[in-house]
Protein chains: 2
Amino acid sequence: MEKGKDMLPLTEAFYYILVALYVEPSHGYGIMQEAERMSGGRVKIGAGTLYTALNTLLGRGVIDNYPVPEGTDSRRKMYAITDEGRAVVRAEISRLEELLKSGKQALSIGEERGT
Amino acid sequence: MEKGKDMLPLTEAFYYILVALYVEPSHGYGIMQEAERMSGGRVKIGAGTLYTALNTLLGRGVIDNYPVPEGTDSRRKMYAITDEGRAVVRAEISRLEELLKSGKQALSIGEERGT
DNA sequence: TATTAATATACAGACATACGATATATCGAC
DNA sequence: GTCGATATATCGTATGTCTGTATATTAATA
């Protein structure tokens, strides 16, 4: 129980990588682009960050290598999220919701008093 | 414009400190307790983390020293959030909402396909 | 008054991530 | 057959936060 909670909070890079893979297995370059797309262009994961992060995530067992479909660009290496990885994403989403709840409440109280 | 965006994302400690001060000025120990309360006991900001963070935040101009009300425990030093700090909190909340949006969408798509 | 709890602060080391640079290599298009 | 985009990888460095530890002071209370 409570597995993987020890890697929270996730950095933005880790988060978007896992979220991208939650949808479907993909390869490094595709993850990069997907992260940028999902964030509306705000988050650009550079090559150095990405491949280092992928190795870290592999080592922690939250992602796995995934067989490359036949006829695919031979350079590609594909990755898939594991069950543990899915649990980490869900836990992180819970955490984000908690942060947001506190933050929004503070906003509304704070606005009442000062400006 | 776009002020303070360069300190995003905020760490949990920074976030809760700023959120606590968004509600009202407070002192170090009070912030500690408020963060723990807001997070339902999950986030405990240690002394080392707290005072280091307060200094960092002071240096960045997102919080300020605040006059201690008369008759208050003389040890206390109080802190208040600045306008810039408020802007940072709002920007961070927007960022969190964006993350959450991507994450939740991925969850629903991801569940449709695999388990 | 002795003791404990509350409060405040500083510092050093551990640790991790981000980033830029660099190096290869393959693919597709022209 | 050259060129630009795609694709993977590593290395070193910069940066920053967390944690633990140590130290003090004040307030409360026994």
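Lettering of chains follows the sequences in order, A, B, ..., and the numbering in each one begins at 1.
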Span of DNA chain C engaged by chain B, first through last nucleotide within the 4.0 Å heavy-atom cut-off, is C:dA6 to C:dC11
If a protein heavy atom is under 4.0 Å from the base, mark B; if only from the sugar-phosphate, S; if neither, -; do that for nucleotides 17-22 of chain D going 5' to 3'. SSBB--
Excluding sequence neighbours, so at least two apart, what forms side chain to side chain donor-acceptor pair (under 3.5 Å) with A:Asp64?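 Residues passing side chain to side chain donor-acceptor pair (under 3.5 Å) with A:Asp64: none at all.
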Please list, chain by chain and in numerical order, all residues satisfying salt bridge (Lys or Arg N to Asp or Glu O under 4.0 Å) with B:Lys104, sequence neighbours excluded. A:Glu97
Who are the side-chain contact (heavy atoms from CB on, under 4.5 Å) partners of [X], not counting sequence neighbours?
{"X": "A:Asp73", "result": "A:Arg75, A:Arg76"}
{"X": "A:Pro67", "result": "none"}
{"X": "B:Thr11", "result": "B:Ala13, B:Phe14"}
{"X": "B:Glu34", "result": "B:Ala20, B:Arg37, B:Met38"}

Supply the atom-to-atom distance A:Leu96 CG to B:Leu100 CG, rounded to the nearest 0.5 angstrom.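 Result: 5.5 Å between the selected atoms.
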Give, for atom CG of A:Leu8 and atom CZ of A:Arg95, the distance between the pair rounded to the nearest 0.5 Å. 6.5 Å
Pairs involving residues 51-60 of chain B, ordered by first then second residue, that meet salt bridge (charged side-chain N to carboxylate O under 4.0 Å, His left out) (sequence neighbours left out): none
Can you check the B:Lys77 NZ to D:dT25 P distance for me, whole Å? 15 Å
Among residues two or more places apart or on two chains, list those pairs meeting side-chain hydrogen bond (donor to acceptor under 3.5 Å, both in side chains) that have a residue in residues 42-51 of chain B. A:Glu98-B:Arg42, B:Glu12-B:Arg42, B:Glu36-B:Lys44
Could I get a table of every N or O pair under 3.5 Å where one atom is in the protein and the other is in nucleotides 3-5 of chain D?
none

Between B:Gly30 and A:Ser74, name the one whose nearest nucleotide on DNA chain C is closer to the 5' end. B:Gly30
